[in-house]
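Right, one structure below, let's go through it.
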Amino acid sequence: MAEKEPIGVIGVGWVGLVTAACFADLGHEVYARDVIQEKVDSLTRGEVPIHEPGLAELVRKNAARLHFTTDMDEVLENAHLLFCCVDTPPTYSGDADLSRVEKVVEEIGDSTDHAIVMKSTVPVGTGRAIARKRVDVGYVSCPEFLKEGSAVTDFMHPDRVVVGADEGSEEFGKRVAALYEPLEAPIVMTDVASAEMVKLASNAFLATKISFINEIANVSEELGADVQEVAKGMGLDERIGSQFLRAGIGYGGSCFPKDVSALKQLAGNTGYHFQLLTAVIEVNELQKRRTIGKLQKHLGSLVGKEIALLGVAFKPDTDDVREATALVLAARLQGEGAHVRVYDPVAIENARDMLGGASIAGSALEAIDGADAAVLVTEWSEFAELDWNEVRGRMRQAVLIDGRNYLPRETLEAAGFAYEGVGR
Ligand code: UGA
């Protein structure tokens with residue numbers, strides 16, 4: 001069997017670590033570089049700093065093929081395809097901050113043997129701008145579509161792989177595509193700008209689906225329809241599809257908020273006003289705040305009320321709290337004069353400094369004890385297993401706002417709760 005091509009990974013965050021571990025599992029030697037010595041040391045010891053199902057096991061299983069380092073030269077000596085996985089956070093203007101990407105490009109230096117394989121989400125046009133400045137180095141766009149919480153499965157079973165290469169880098173593009181062949185997914189070979197646009201447009205479209213169903217939910221609340229029934233009926237139409245039609249209290253995370261705003265900004269920079277995305281963002285912001293109105297409907301003024309927030313992570317099975325709805329709710333509720341208690345089984349440490357004066361509970365029951373209302377923010381499975389009669393007995397008033405339509409409504413109502421979901 002032909003020897004597998006060694007690969008380099010630059011930036012060992014979520015995407016970088018999943019990419020490194022999965023390629024190692026596919027049999028490649030992986031040279032993964034991060035600037036943080038502490039992270040490199042703990043990864044070398046087999047300790048994984050993020051909560052992602054299956055990832056720690058994969059890192060330990062493939063330890064012999066995974067070489068974590070802070071030394072860029074070690075990566076350049078051993079691998080020619082360099083997956084750039086550094087983050088591109090939003091700036092105050094809504095544009096993506098490319099300073100880390102630029103630093104990586106700078107460090108790689110001039111070499112006709114190496115290619116930058118861009119996994120970081122970058123504005124359309126970034127690849128061409130880099131290639132114009134750095135003609136000696138190959139450039140391939142290979143956007144990542146994995147979801148936190150199911151990242152390893154998503155990497156190993158992608159719906160599609162997109163590889164963008166322009167003139168001069170076609171051979172590198174083919175080598176990148178070859179890495180993904182064992183995954184037996186459709187591979188879209190295209191130009192760099194189109195590959196970059198596939199990534200931003202996919203995230204923006206999924207966010208649009210969520211804001212759309214959230215608006216249908218809000219109207220359904222007024223008109224007496226049940227959004228879950230509506231989503232089921234709509235989703236069976238193959239042109240629409242059933243995924244990402246779960247109404248809730250708004251999308252969060254490190255990708256949708258950032259990428260929708262980056263695409264809107266990118267369009268704006270060319271003089272085009274992307275009206276649809278402006279609405280998608282606004283609907284999402286308002287959706288997070290609608291919970292306040294629901295609480296006021298049941299409790300009147302929130303001054304002095306005790307409110308429990310169940311879940312802080314932006315979604316279950318992750319400890320990521322970036323752009324998490326719970327952070328907005330905690331701040332707004334305190335702004336209304338309420339006392340807030342927060343519980344999350346995994347993400348609480350990451351949120352501790354962002355919760356203002358909210359108190360942190362060690363369990364769901366502790367958060368709920370003596371509360372006037374509880375809001376389910378993140379659909380962690382342990383919340384579905386709570387004994388609702390016990391919960392009811394512990395609360396001062398039995399108001400439950402289910403921000404994800406996740407809890408058993410009938411059981412809750414039978415236990416005496418005033419239950420309110422989203423769009424039902
Ligand atoms: C998202 C995309 O789904 C990935 O394809 C992409 O690779 C990734 O961004 C990225 O660009 O890195 P992720 O942010 O990990 O993945 O999480 P999602 O599962 O997409 O959820 C995002 C948010 O939307 C969460 O707050 C979730 O609760 C919310 N959501 C999702 C809904 O409110 N309703 C839905 O039907 C689906």
Side-chain angles (χ1 to χ4, degrees), residues 11 13-19 50-53 55 85-90 96 118-122 142-155 157-162 196 198-218 227-228 230-232 234-235 240-263 280-281 283-285 287-288 290-291 311-329 347 376-380 402-406 421-423:
W14 218 291
V15 169
L17 188 55
V18 173
T19 303
I50 49 178
H51 178 87
E52 181 63 48
L55 185 58
C85 303
V86 294
D87 59 341
T88 50
M118 191 58 70
K119 273 234 166 281
S120 304
T121 302
V122 293
C142 182
E144 186 49 67
F145 301 103
L146 54 82
K147 302 184 288 301
E148 291 183 17
S150 57
V152 172
T153 315
D154 290 346
F155 185 100
H157 305 280
D159 287 345
R160 80 309 205 180
V161 173
V162 176
E196 291 167 341
V198 170
K199 170 67 192 181
L200 288 180
S202 298
N203 273 0
F205 187 80
L206 292 170
T208 303
K209 254 184 128 174
I210 298 171
S211 277
F212 181 85
I213 201 68
N214 281 339
E215 291 222 277
I216 294 293
N218 299 343
V227 73
Q228 287 188 295
V230 177
K232 201 197 298 171
M234 286 170 63
I240 297 173
S242 60
Q243 293 193 56
F244 281 68
L245 283 183
R246 274 180 288 117
I249 46 177
Y251 60 77
S254 62
C255 303
F256 285 174
K258 163 177 82 83
D259 292 348
V260 176
S261 132
L263 182 52
V280 168
I281 295 166
V283 168
N284 196 52
E285 288 310 314
Q287 198 69 11
K288 294 179 184 172
R290 271 177 77 82
T291 305
V312 183
F314 82 96
K315 66 175 196 176
D317 289 325
T318 176
D319 59 356
D320 197 338
V321 298
R322 285 177 285 179
E323 301 284 336
T325 298
L327 302 177
V328 176
L329 274 181
L376 181 123
V377 186
T378 315
E379 59 275 43
W380 285 104
D402 182 356
R404 301 285 176 187
N405 291 335
Y406 181 64
V422 179

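Every value quoted in this text rests on a predicted model; they were computed, and no experiment measured them. In what follows, every heavy atom counts, from backbone to side chain, and hydrogens, waters and symmetry copies are set aside. Read the numbers this way: they start at 1 and go in the same order the structure lists the ligands and their atoms.
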Closest protein heavy atom (residue, atom, distance) for [atom]:
atom                    : result
atom 24 (O) of ligand 1 : Tyr251 CB, 3.3 Å
atom 1 (C) of ligand 1  : Phe256 CE2, 3.5 Å
atom 6 (C) of ligand 1  : Leu146 O, 3.3 Å
atom 36 (O) of ligand 1 : Arg246 N, 2.9 Å
atom 3 (O) of ligand 1  : Lys147 CG, 3.4 Å

Ion pair present between Lys288 and Glu285, side-chain N to carboxylate O less than 4.0 angstrom?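 Answer for the salt bridge query: yes.
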Cationic N near anionic O, under 4.0 Å, Glu379 to Arg246: yes
Strictly under 4.0 Å, does any heavy atom of [X] approach an atom of ligand 1?
X      : answer
Glu379 : no
Ile210 : yes
Arg404 : yes
Cys255 : yes

Any N or O of [X] that comes nearer than 3.5 Å to an N or O of ligand 1?
X      : result
Lys315 : yes
Phe314 : yes
Thr121 : no
Gly252 : yes
Phe145 : yes

Please identify which atoms of ligand 1 are closer than 4.0 Å to at least one heavy atom of [X].
X      : answer
Glu148 : 15 (O)
Lys199 : 6 (C), 7 (O), 10 (C), 11 (O), 12 (O)
Glu144 : 7 (O)
Asp259 : 11 (O)

Flag for Trp14-Glu148: side-chain donor and acceptor within less than 3.5 Å: no
Is it true that, when you exclude Phe145 itself, more than 12 heavy atoms of the residues, nucleotides or ligands shown sit nearer than 6.0 Å to its CZ?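 Atom CZ in Phe145 is crowded, with more than 12 foreign heavy atoms closer than 6.0 Å.
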